[in-house]
Amino acid sequence: MNPFTRFLFELQGVTDLFVRVVRGLTKKPRYFDEIIRQLDLIGVGSAGIVILTGFFTGGVLILQAYPTLQYYGAQSNAGQGVATSLIRELGPVLSALMVAGRVGSAISAELGSMVVSQQIEAMRALGTSPARKLVTPRLVALIIALPLLTVAADLFGLIGGGLVANLVYGLDTTVYVTSVRVGVSINDLLGGIFKPVVFGFIIGIVSCHKGLSTTGGTVGVGRSTTSAVVVSSVWVIIVDFFLSKILQQFFTGTMF
Amino acid sequence: MTPESSYNLNGNSTPAIEFRDVYLAFDDQVILEGVNFSVKRGETKLVLGGSGTGKSTVIKLILGLLRPDAGSVIVDGEDLSDFDDEDLRRIRKKIGMVFQEGALFDSLSVYENVAYRLTEEKVPADEIEHEVRRMLQFVDLEDAIDKMPAELSGGMRRRVGIARALVGNPSIVLFDEPTAGLDPPTARTICELAIKLRDLEEVSSIFVTHEMNNLEYLSSEYAIVDNNGNVHFEEDGEFLCMLNTGALMLKDGEIIFDGSDRALLAADDPYIRRFIRGK
Ligand SMILES: Nc1ncnc2c1ncn2[C@@H]1O[C@H](COP(=O)(O)OP(=O)(O)OP(=O)(O)O)[C@@H](O)[C@H]1O
Ligand SMILES: [Mg+2]
């Protein structure tokens, strides 16, 4: 099968799964407990790595940018520099990539091994829809958790940036905070929260689809885990570009 | 359906399961090539056939886990052909399935596995507990109630699978090699279970097996309840006509035998003879 046909088949699979999930939303039973459980696993469980990533990213941004800013005499704008790049781009994208690696792989490995050990078939045989019981809670949890994680990453990034500015370059903290507050617009915040909603959806639907379409025993589980992470990460980065463009035009009010 | 026909066990009522000219192929490997058979209400149909002849596939078709390429699968008078997920779910509620490999949910304990169907249907917790304990007693696994599937032996897992399938009193039960790899007394217990379901609960079932003693038990014994409510197994004699068991053999995508166990044992087809005697 050539790559393009395969891509179309995958797209069909993802769309089909999505339709099942959406249809399932209107019907009972709804698995609220399962959503809470997944929120705990996905959200709380990923908080540590996402915060750590955010913190050091904020730090390194200042570390690298400060000398240049100083050269132009613009060091008082350091806060704005970190804040905009973190909130618009790095916070959402890096959190999404971390979550794709940690959660996407776990989801597709879990669902994949359920497929190869016939647990998915058993579930269907017992009258439960795997889309509703397994996919919806994970998808909903990711869509809720990723924006929250991103906000945490942004916050800790700003703190990291502030610390580095203060401790390494001796920038006054109030100058930094003022610059952050002046530099960040409401549009940046809205965009920075909207993106992770989309990324959460991408990671969830791709990983669930990869997991549920596992074939070929335990080797297949490894294969689908790898491709869940790779495919969702690549899509996050591609979609990020187009989302940035769309958000830019949306907020400035000029379409094309 | 008229009220009387639904309770007529041997007569001309709608069969519990019916295959009409079913074709199925995986890629270019043809598995079923025009399969026709039916399982009457209250009947147990033993399905025999070499490894890879499509026995598990037949069972998956009944549950709608697979769809035939052509032909129709009819369960309880309803043709599954153009059923959507919701209709299939309704049908599946009537069916208990014992998977060949057990297929227990390994993130759930034995208790939760057996309770699964009832939990999904939001049955009150104390009723679930009662039913789960009863089922586990039935398969003699009460002690394992709090264990996880990973802590069980293969045979124990199979029995938990049986308990899980029978919870909720399904009217059709599908056994996929339920005795493979079990010690003879446990295998015997499982056959007794199938006999009890057939004779006392009027369950229709498909029993896939390779083991000839399963065939012997199921086609020569029947269960009766005495005045004290105890279940006894009686060897057949003059009551042979009461035994509601048939056998069916698959080979190369077709049914090469469908009839009573006597006819099977007396068949002159060399393949069947070899299958039965192992040489
Ligand atoms: N998902 C699948 N994709 C491709 N081929 C399959 C699939 N499932 C089953 N088959 C093929 O279908 C044939 C029948 O399989 P099935 O599991 O029904 O056999 P079986 O009669 O139950 O065998 P056994 O006694 O070993 O359990 C086998 O040859 C198998 O290779
Ligand atoms: Mg099989």
Side-chain angles (χ1 to χ4, degrees), chain A residues 1 5 9 16-34 37-38 40-42 45 106-138 211-218 221, chain B residues 26-27 56-57 59-67 75 83-108 112-123 149-150 157 160-168 170 172-176:
Chain A
M1 216 188 302
T5 333
F9 271 116
D16 186 48
L17 186 60
F18 179 59
V19 170
R20 274 164 207 270
V21 167
V22 171
R23 280 221 199 104
L25 285 177
T26 62
K27 291 183 197 131
K28 286 186 174 173
R30 297 197 190 84
Y31 298 96
F32 286 117
D33 305 356
E34 189 61 20
R37 214 172 66 84
Q38 291 299 329
D40 184 40
L41 278 173
I42 294 171
I107 290 178
S108 70
E110 186 185 0
L111 299 191
S113 36
M114 289 183 81
V115 170
V116 301
S117 59
Q118 292 192 311
Q119 292 177 55
I120 298 289
E121 276 190 341
M123 191 173 267
R124 292 168 65 201
L126 286 161
T128 313
S129 149
R132 219 179 289 172
K133 170 130 181 146
L134 300 172
V135 179
T136 308
R138 284 168 175 75
L212 288 177
S213 56
T214 300
T215 52
T218 36
V221 177
Chain B
F26 288 116
D27 300 324
S56 299
T57 307
I59 282 186
K60 286 177 190 168
L61 284 165
I62 298 168
L63 282 163
L65 296 174
L66 291 172
R67 284 176 191 271
V75 176
F83 269 21
D84 64 13
D85 286 357
E86 212 54 46
D87 297 325
L88 283 175
R89 209 162 10 256
R90 186 167 50 75
I91 289 290
R92 287 169 184 158
K93 289 210 162 99
K94 304 183 201 171
I95 308 178
M97 159 92 189
V98 179
F99 280 83
Q100 195 168 358
E101 322 283 348
L104 300 183
F105 302 121
D106 51 22
S107 60
L108 304 182
E112 291 165 321
N113 263 286
V114 177
Y116 187 85
R117 197 185 281 237
L118 301 177
T119 318
E120 288 291 288
E121 281 164 23
K122 303 260 186 293
V123 173
R157 245 175 270 162
V160 175
I162 291 174
R164 182 179 68 181
L166 298 183
V167 156
I172 298 173
V173 179
L174 310 172
F175 293 95
D176 196 354

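Naming: A, B, ... by sequence-line order, numbering from 1 per chain.
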Would you mind telling me which of A/Gln118, A/Glu121, A/Gln119 has the largest number of heavy-atom pairs within less than 4.5 Å of chain B?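 Most pairs with chain B among the choices: A/Gln119.
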Inset, instruction - Please determine, among A/Ala125, A/Ser129, A/Gly127, the option with the most heavy-atom pairs under 4.5 Å with chain B. - result: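 Most heavy-atom pairs within the cutoff with chain B belong to A/Ala125.
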Heavy-atom neighbours of B/Arg89 CZ exceed 12 at 6.0 Å
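More than 12 within 6.0 Å, yes.
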| query | Does CZ in B/Phe83 sit with more than 12 non-hydrogen atoms of other residues, nucleotides or ligands closer than 6.0 Å? | reply |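 Count over threshold, so yes.
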task: Over all heavy atoms of both residues, which pair between A/Ala122 and B/Ala103 is shortest? Give the atoms and the distance, please.
output: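 What the structure gives for the nearest pair is CB-O, 3.6 Å.
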### Greatest number of heavy atom pairs closer than 4.5 Å to chain A - which of B/Ile95, B/Asp85, B/Asp106, B/Leu88
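Max contact count across the listed options: B/Asp106.
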Notebook entry, point to check: Do you know which of B/Lys60, B/Met97, B/Gln100, B/Lys122 has the most heavy-atom pairs with chain A at a distance under 4.5 angstrom?
Noted result: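 Top option by heavy-atom pairs under 4.5 Å: B/Lys60.
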**Item:** Which portion of A/Arg23 sits near chain B, non-hydrogen atoms under 4.5 angstrom
**Value:**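 For A/Arg23, neither part sits under 4.5 Å from chain B.
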Which atoms of [X] approach chain A - backbone, side chain, both or neither, heavy atom under 4.5 Å:
X	answer
B/Glu121	neither
B/Leu63	side chain
B/Leu104	backbone
B/Phe99	side chain

Report the distance from atom CE of A/Met114 to atom CZ of B/Phe105, rounding to the nearest 0.5 Å.
->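 Rounded to the nearest 0.5 Å, the CE-CZ separation comes out at 6.0 Å.
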_Using side chain to side chain contact (heavy atoms under 4.5 Å, CB included), reason through B/Glu120 and A/Leu126 one step at a time and then give a plain yes or no._
CA-CA 9 Å; B/Glu120 288 291 288; A/Leu126 286 161; over 6 Å; no
